[in-house]
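What follows is a set of notes on a single structure, which appears directly below.
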Protein chains: 2
Amino acid sequence: MATGRTHRPATRSRGIPEATVARLPLYLRALTALSERSVPTVSSEELAAAAGVNSAKLRKDFSYLGSYGTRGVGYDVEYLVYQISRELGLTQDWPVVIVGIGNLGAALANYGGFASRGFRVAALIDADPAMAGKPVAGIPVQHTDDLEKIITDNGVSIGVIATPAGAAQQVCDRLVAAGVTSILNFAPTVLSVPDGVDVRKVDLSIELQILAFHEQRKAGEEASGEAAVPAAVTREESTDQGPDGEHPAVMPA
Amino acid sequence: MATGRTHRPATRSRGIPEATVARLPLYLRALTALSERSVPTVSSEELAAAAGVNSAKLRKDFSYLGSYGTRGVGYDVEYLVYQISRELGLTQDWPVVIVGIGNLGAALANYGGFASRGFRVAALIDADPAMAGKPVAGIPVQHTDDLEKIITDNGVSIGVIATPAGAAQQVCDRLVAAGVTSILNFAPTVLSVPDGVDVRKVDLSIELQILAFHEQRKAGEEASGEAAVPAAVTREESTDQGPDGEHPAVMPA
DNA sequence: ATGTCTTTGTGAACGCGTGCACAAAGATGG
DNA sequence: CCATCTTTGTGCACGCGTTCACAAAGACAT
């Protein structure tokens with residue numbers, strides 16, 4: 001997931017598997033909804049259904065956090081909300097900067113899901129001088145020149161990159177140099193960061209391409225009754241393009 | 001990944017592992033960049049570095065597609081671009097609808113990465129009557145009432161949901177009923193879909209929470225010199241909050 | 001107090017994904 | 001034509017994650 005540098009020992013943190021960590025926010029969301037409806041307890045079966053996972057997996061996930069359930073009853077909703085929040089580090093405030101206030105950056109600044117879970121947008125940063133001072137989501141945009149000062153003054157350790165691809169690595173380098181150790185990257189680029197810095201990437205285009213792959217597969221399977229042919233079939237002739245020697249089928253950026 | 005319903009046989013499509021499919025867009029992007037620089041061939045080592053993965057992994061990934069390399073030389077860039085594009089189904093046009101034209105929906109509509117890879121924004125749909133007719137990214141917004149007609153008229157099979165969480169499931173149901181079989185969900189909810197429909201979700205808040213977890217871990221590890229204690233330590237006393245009996249530390253939505 | 005019934009917590013098996021390491025393939029030079 | 005050198009393609013082993021299935025734990029009724 002986290003496409004940091006080349007490799008990493010899977011970041012198996014304090015015994016909690018990475019896969020489990022990735023699901024904790026899911027559980028937290030479901031639990032928060034239950035909490036709002038004043039539901040006192042919930043069984044692993046119910047909660048798993050709400051979170052869209054297998055109940056055994058959920059129980060094993062929780063077992064990494066400790067024994068927080070009561071056999072025959074289930075889990076105390078409020079208690080579990082607190083424990084997961086604490087485990088995820090959401091009991092403290094995380095100041096976040098967003099760099100690159102274009103369409104996406106502005107949308108992120110306006111996104112309510114950040115502020116509601118311990119994340120506070122400390123600053124919006126853009127390279128365009130014309131943007132400076134203009135308020136977005138009630139926060140005045142600051143110029144890239146002040147990036148280092150903003151980071152240190154606010155004690156920011158999490159940065160969000162929403163710049164064009166070309167600027168991402170440079171922005172990333174400056175963020176890291178200024179003390180940021182976690183980066184959420186929306187730019188369609190592979191970022192290089194030193195050890196100790198976490199990078200997670202969100203790529204809208206990649207997600208669509210994965211969907212397209214499965215979509216194509218469905219369509220093809222439907223057309224030719226799914227034969228028992230293992231592979232190497234419907235390869236060359238499946239699409240319109242004829243021979244394969246030299247194909248100028250280059251896609252634009 | 002794809003949080004469809006309860007389970008699914010891992011969607012092991014035609015022998016190509018899901019993990020490999022998820023990396024193909026990454027390779028494609030790196031290859032496209034090389035193609036623009038008119039680089040004729042590339043070795044697995046070079047390409048792997050550009051894509052941020054292990055070279056052995058890359059070679060194994062390509063081996064699922066076929067033997068497209070030349071030993072002692074490497075891979076033909078143009079040829080590989082074409083092969084991957086075809087495998088991902090990007091040689092054809094995919095009309096896409098975006099439902100929910102708020103900040104995020106508008107940003108997605110303006111996002112260049114879609115149009116450039118075979119994806120065409122066929123329509124923008126919003127439930128707000130005031131939005132109807134208003135152009136966003138050069139495309140007039142249409143009202144939800146016409147959703148079904150829009151889907152069928154344009155032959156849309158991929159839908160993007162960027163509505164508030166409360167409306168997502170309902171929109172999803174209507175999309176599916178109208179014939180959509182792939183959904184990219186930006187709403188912070190678990191969607192239930194019938195078998196045969198793929199759902200991929202992108203949750204900005206979850207990504208940040210995962211980063212916060214690691215960030216907290218770094219901070220804690222730094223404070224208490226990372227002892228060789230295997231686990232079950234620095235549990236209770238790690239954070240400020242003292243005992244754990246009944247904690248009203250509930251987070252807002 | 002005892003028995004029954006529900007639900008947790010986890011041991012164990014299995015499958016997928018990853019990475020090493022190397023043989024086979026082909027290019028290139030003499 | 002042969003030798004050398006580069007790079008692919010893959011067999012193999014290992015580890016993580018998932019799932020099943022069940023014993024232990026506790027609630028609840030009698």
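The model shown is predicted, which means the values in this text are computed figures rather than measured ones. Throughout, a chain's letter reflects where its sequence line sits, starting with A, and its residues are numbered from 1.
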Short side-chain donor-acceptor distance under 3.5 Å, Thr189(A) and Gln169(A):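 Gln169(A) vs Thr189(A): no donor-acceptor pair found between side chains.
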
Can a side chain N or O of [X] be found less than 4.0 Å away from OP1 or OP2 on [N]?
X        : N       : value
Ser43(B) : dT7(D)  : no
Arg59(A) : dG11(C) : no
Tyr64(A) : dG17(D) : no
Tyr68(A) : dT7(C)  : no
Asn54(A) : dC20(D) : yes

Mind calculating the distance between [atom1] ([X]) and [atom2] ([N]) to the nearest angstrom?
X        : N       : atom1 : atom2 : answer
Leu58(A) : dT19(D) : CG    : P     : 12 Å
Tyr75(A) : dT7(C)  : OH    : P     : 12 Å
Asp61(A) : dT19(D) : CG    : P     : 11 Å
Leu80(A) : dT8(C)  : CG    : P     : 11 Å
Leu65(B) : dT8(D)  : CG    : C1'   : 14 Å
Arg23(B) : dG17(C) : CZ    : P     : 8 Å

Contact class for Thr20(B) (heavy atom, under 4.0 Å): base, sugar-phosphate, or nothing?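 Counting heavy atoms under 4.0 Å across all strands, no contact is made by Thr20(B).
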
Nearest to the side chain of [X] - [options]?
X        : options                  : value
Glu18(A) : dT8(C), dG17(D), dT18(C) : dG17(D)
Lys57(B) : dT18(C), dG9(C), dG17(C) : dT18(C)
Ala19(A) : dT10(D), dG17(D), dT8(C) : dG17(D)

Side chain of Lys60(A), base of dT18(D): donor and acceptor closer than 3.5 Å?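 For Lys60(A), whose side chain was compared with the base of dT18(D), there is no donor-acceptor pair (under 3.5 Å).
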
Does a side-chain heavy-atom distance below 4.5 Å link [X] with [Y]?
X         : Y         : result
Thr41(A)  : Tyr75(A)  : no
Gln209(A) : Leu90(B)  : yes
Cys172(B) : Asn185(B) : no
Lys201(A) : Leu184(A) : no
Thr32(A)  : Arg117(A) : yes
Leu65(B)  : Ile16(B)  : yes

Compute the bend angle of the helix from dA1(C)-dT30(D) to dG30(C)-dC1(D) from the end axes (five pairs per end), rounded to 10°.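 Between the first-five-pair axis and the last-five-pair axis there is 10°.
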
List in chain and number order the residues that pass salt bridge (Lys or Arg N to Asp or Glu O under 4.0 Å) with Arg59(B), two or more places apart in sequence or in another chain; answer none if no residue qualifies.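 None.
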
With side-chain hydrogen bond (donor to acceptor under 3.5 Å, both in side chains) as the criterion, how do Thr20(A) and Asp61(A) come out once you've worked through the C-alpha distance, each side chain's angles and the decisive distance to 0.1 Å? CA-CA 6 Å; Thr20(A) 295; Asp61(A) 282 343; 2.6 Å; yes

Strictly under 4.0 angstrom, non-hydrogen atoms only: write out the protein contact profile of nucleotides 25-30 of chain D, one letter per nucleotide from the 5' end, B, S or -. B-S---

Specify the closest pair of heavy atoms between Val180(B) and Val197(B), including all atoms of both residues, with the distance to one decimal.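 In terms of heavy atoms, the two residues are closest at O-CG2, 4.3 Å.
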
